[in-house]
Amino acid sequence: MRYIIYGAGGIGAGIGALLQQAGCDVVLIARGNHLTAMQDHGLLVRRPGGEQRVAVRAVGHPSELDFAEGDVVLLTMKGQDTSGALDDLERCAGPETPIICGQNGVANERSAARRFLNVYGMLVVMPATFLVPGEIALFGAPKPGLLDSGRFPNGVDETISQVCADLSAAGFNARPDPNVMRLKYGKLLDNLGNAVGALCGEAALRSAGDEVRAFMRRMRDEATACYEAAEIDYAPRAEVGERRAATFSAGDIPGVERGGSSTWQSFRRGLPAIETDWLNGEIVLLGLEHGVPTPANRALQLTAKRTLRAGLGDGAVSIEEIVALEERLTEY
């Protein structure tokens, strides 16, 4: 089995590097300065116990690879980049190639399943930071991350069982789960707050004042109301939290800033797009489809879009501004 990690940033490059060190055949697909740095100098992997430079094979596009039977593609880009990646894979790899969605949100699997025969979901709970080209930091210890996986929409087969075995051998906590989307809907409840940390600053999110906590609670309440209206099964946050606690605690890495969420990292790196539409936007869409009001999630989604269009960085918005917009939306 060859692992092709498409979108090899902090999560993807970290998974790929550890799989390679465990003896697996791995190719990373990346772009820009990060790709050049890995091709020229390898990938610097920093962890609480030390750091290691890993010689990795990295390319810039699927067309640079000859796909063959036994290849598995792991998507680790953000949701806004999935559609283009699937276009590339359909042309270069063909619809029989197994596609694993190791991404936040729950929409990527549906997009892939429209076009590919074998699609899998992967729960990714992995504290990783990618801010410097050619360098990633994995803060989780003793295991770097939780990567339970299963077929979409449900089930387990030989392919995903082998993937989980290889991930476990690489040091991850990874078990096959026939109801993996239930876990991913549960994790989405935590990801709804990603943009709060990006817009208001990670310090505001970590200090979690009363107004921040109340706003986060309203977003999650909207989400669970949508789940119930749509009859979507989801894992309680406590269940995902227990799996996380059994996998790692976040350690310190000397000289490395402990980054925030994937959305915060996108703002910090000045990227032109963020994944909020695939997180809070998922709840907004469910609400529209099932008649459930979602003003808190809509307010955060709109504020993130406006902030990005204005070219503002992380920490540029107050929670009071977001709540004020939520109140206006509630009146409609």
K.L.:
Name the one of L89, I100, V119 that satisfies side chain to side chain contact (heavy atoms under 4.5 Å, CB included) with L75?
P.N.:
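Going through the options one by one, the only one that passes is L89.
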
K.L.:
So, do R57 and L65 sit near enough that their side-chain heavy atoms are less than 4.5 Å apart?
P.N.:
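With C-beta onward as the side chain, the pair touches.
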
K.L.:
Identify whether the distance between the nearest side-chain nitrogen and carboxylate oxygen of K187 and D190 falls below 4.0 Å.
P.N.:
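Salt bridge flag = no for D190 with K187.
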
K.L.:
Would you name the heavy atoms of F116 and G94 that are closest together and state the gap between them?
P.N.:
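Closest approach of F116 to G94: CE2-O, 3.3 Å.
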
K.L.:
Between R237 and E242 (salt bridge meaning N to carboxylate O under 4.0 Å), is one present in this structure?
P.N.:
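Looking at E242 together with R237, the answer is no, because their closest N to O distance does not fall below 4.0 Å.
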
K.L.:
Any side-chain to backbone donor/acceptor pair from T129 onto A137? Under 3.5 Å, distance only.
P.N.:
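No; zero donor-acceptor contacts below 3.5 Å.
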
K.L.:
So, are R2 and D66 salt-bridged, with charged N and O less than 4.0 Å apart?
P.N.:
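Salt bridge: no.
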
K.L.:
Does some side-chain heavy atom of C226 sit less than 4.5 Å from a side-chain heavy atom of E289?
P.N.:
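When only atoms from C-beta onward are counted, C226 and E289 do not touch, as no gap falls below 4.5 Å.
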
K.L.:
Looking at V292, is its backbone amide N or carbonyl O close enough to the side chain of H290 to form a donor-acceptor pair, meaning the two atoms are under 3.5 Å apart?
P.N.:
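Answer holds: no.
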
K.L.:
With a 3.5 Å distance limit and no angle check, can you tell me whether E326 reaches the backbone of E321 through a side-chain donor-acceptor pair?
P.N.:
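Answer holds: no.
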
K.L.:
Determine whether L18 and L146 fall in the same hydrophobic cluster, where Ile, Leu, Val, Met, Phe, Trp and Tyr are linked whenever their side-chain heavy atoms lie under 4.5 Å apart.
P.N.:
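No, it is not one cluster - the side chains of L18 and L146 are not joined through contacts under 4.5 Å.
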
K.L.:
With salt bridge (Lys or Arg N to Asp or Glu O under 4.0 Å) as the test, would you mind laying out the steps for R115 and D87 before giving the verdict?
P.N.:
CA-CA 9 Å; R115 304 166 66 173; D87 288 342; 2.6 Å; yes

K.L.:
Count I, L, V, M, F, W, Y as connected when their side-chain heavy atoms are under 4.5 Å apart, and connections chain through other members. Are L189 and V284 then in the same cluster?
P.N.:
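No, no single cluster joins them.
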
K.L.:
Between R110 and E282, does the salt bridge (Lys or Arg N to Asp or Glu O under 4.0 Å) criterion hold? Intermediate values first, please.
P.N.:
CA-CA 12 Å; R110 295 201 302 269; E282 182 72 27; 3.2 Å; yes

K.L.:
Cation over ring, R151 on Y120, under 6.0 Å and within 45°?
P.N.:
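That pair qualifies as a cation-pi contact.
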
K.L.:
Considering non-hydrogen atoms only, spot the tightest contact between G12 and L28 and give its length.
P.N.:
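Scanning both residues completely, I find the closest heavy atoms to be O-CD2, 4.3 Å.
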
K.L.:
Please tell me if the side chains of L167 and I15 come closer than 4.5 Å, counting only heavy atoms from C-beta onward.
P.N.:
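Of all side-chain heavy-atom pairs linking I15 with L167, at least one is under 4.5 Å.
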
K.L.:
When clusters are formed by joining ILVMFWY residues with side-chain heavy atoms under 4.5 Å apart, either directly or through shared neighbours, do M126 and L183 land in the same one?
P.N.:
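They do not share one cluster, since no chain of ILVMFWY contacts under 4.5 Å joins M126 to L183.
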
K.L.:
Compare all side-chain heavy atoms of Y6 with those of P62 and state whether any distance is below 4.5 angstrom.
P.N.:
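SC-SC contact between Y6 and P62 confirmed.
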
K.L.:
Between H61 and I29, is there a side-chain heavy-atom distance shorter than 4.5 Å?
P.N.:
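The answer is no; the side chains never approach within 4.5 Å.
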
K.L.:
Pairing donors with acceptors under 3.5 angstrom, does anything connect the side chains of E96 and N118?
P.N.:
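No - no donor-acceptor pair under 3.5 Å links their side chains.
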
K.L.:
Quick one about E275 and Q103 (side-chain donor to acceptor, distance below 3.5 Å, no hydrogens or angles considered), yes or no?
P.N.:
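Note: Q103 and E275 side chains miss the donor-acceptor criterion.
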
K.L.:
Taking it one step at a time, do D233 and Y227 satisfy side chain to side chain donor-acceptor pair (under 3.5 Å)?
P.N.:
CA-CA 7 Å; D233 189 17; Y227 290 171; over 6 Å; no

K.L.:
Between G251 and P48, what is the shortest heavy-atom contact and its length?
P.N.:
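So the minimum-distance heavy-atom pair works out to CA-CG, 4.2 Å.
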
K.L.:
Answer yes or no: is there a donor N or O on one side and an acceptor on the other, between the side chain of D157 and the main chain of I160, under 3.5 Å?
P.N.:
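Side chain of D157 to backbone of I160: a pair is present.
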
K.L.:
Assess whether a salt bridge exists between D277 and K305, defined as any Lys/Arg side-chain N lying under 4.0 Å from an Asp/Glu carboxylate O.
P.N.:
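Salt bridge flag = yes for K305 with D277.
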
K.L.:
I'd like to know if the side chain of T224 reaches the main chain of D221, judged simply by a donor and an acceptor atom lying under 3.5 Å from each other, with no hydrogens or angles considered.
P.N.:
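Answer holds: yes.
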
K.L.:
Could you check whether T97 and D71, counting side-chain N and O atoms only, form a donor-acceptor pair closer than 3.5 Å?
P.N.:
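Looking only at side-chain atoms, T97 and D71 do not form any donor-acceptor pair under 3.5 Å.
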
K.L.:
Salt bridge check, R53 against E135: does any charged N sit closer than 4.0 Å to a carboxylate O?
P.N.:
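Looking at E135 and R53, the cut-off is not met.
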
K.L.:
Going hydrophobic residue to hydrophobic residue with side-chain gaps under 4.5 angstrom, can you get from V180 over to V73?
P.N.:
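Result: yes, single cluster for both.
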
K.L.:
Report whether V106 and I99 are members of the same hydrophobic cluster (ILVMFWY, side-chain heavy atoms less than 4.5 Å apart, transitive linking).
P.N.:
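As far as the 4.5 Å side-chain criterion goes, I99 and V106 are connected within one cluster.
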
K.L.:
For the residue pair P127 and F248, what are the closest heavy atoms and their distance?
P.N.:
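Result for this residue pair: CD-CZ, 3.4 Å.
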
K.L.:
Is a side-chain donor-acceptor pair under 3.5 Å present for Q301 with N297?
P.N.:
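Result is no, nothing qualifies.
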
K.L.:
Measure from the side-chain N and O atoms of T303 to the backbone N and O of I322, and report whether any donor-acceptor pair falls under 3.5 Å.
P.N.:
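The answer is no, because no donor-acceptor pair under 3.5 Å joins these two groups.
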
K.L.:
Walk me through whether D148 and K184 qualify under salt bridge (Lys or Arg N to Asp or Glu O under 4.0 Å).
P.N.:
CA-CA 10 Å; D148 293 351; K184 296 197 72 168; over 6 Å; no

K.L.:
Report yes or no: does Q39 contribute a side-chain atom to a donor-acceptor pair with the main-chain N or O of A58 at less than 3.5 Å?
P.N.:
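Side chain of Q39 to backbone of A58, a donor-acceptor pair under 3.5 Å: yes, one is there.
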
K.L.:
Evaluate the ring planes of H34 and F130, with Trp represented by its six-membered ring, and classify them as parallel (under 30°), tilted (30 to 60°) or perpendicular (over 60°).
P.N.:
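It falls in the tilted class, 30° to 60°.
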
K.L.:
Do R182 and I232 make a side-chain contact, defined as non-hydrogen atoms from C-beta onward lying under 4.5 Å apart?
P.N.:
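The answer is no; the side chains never approach within 4.5 Å.
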
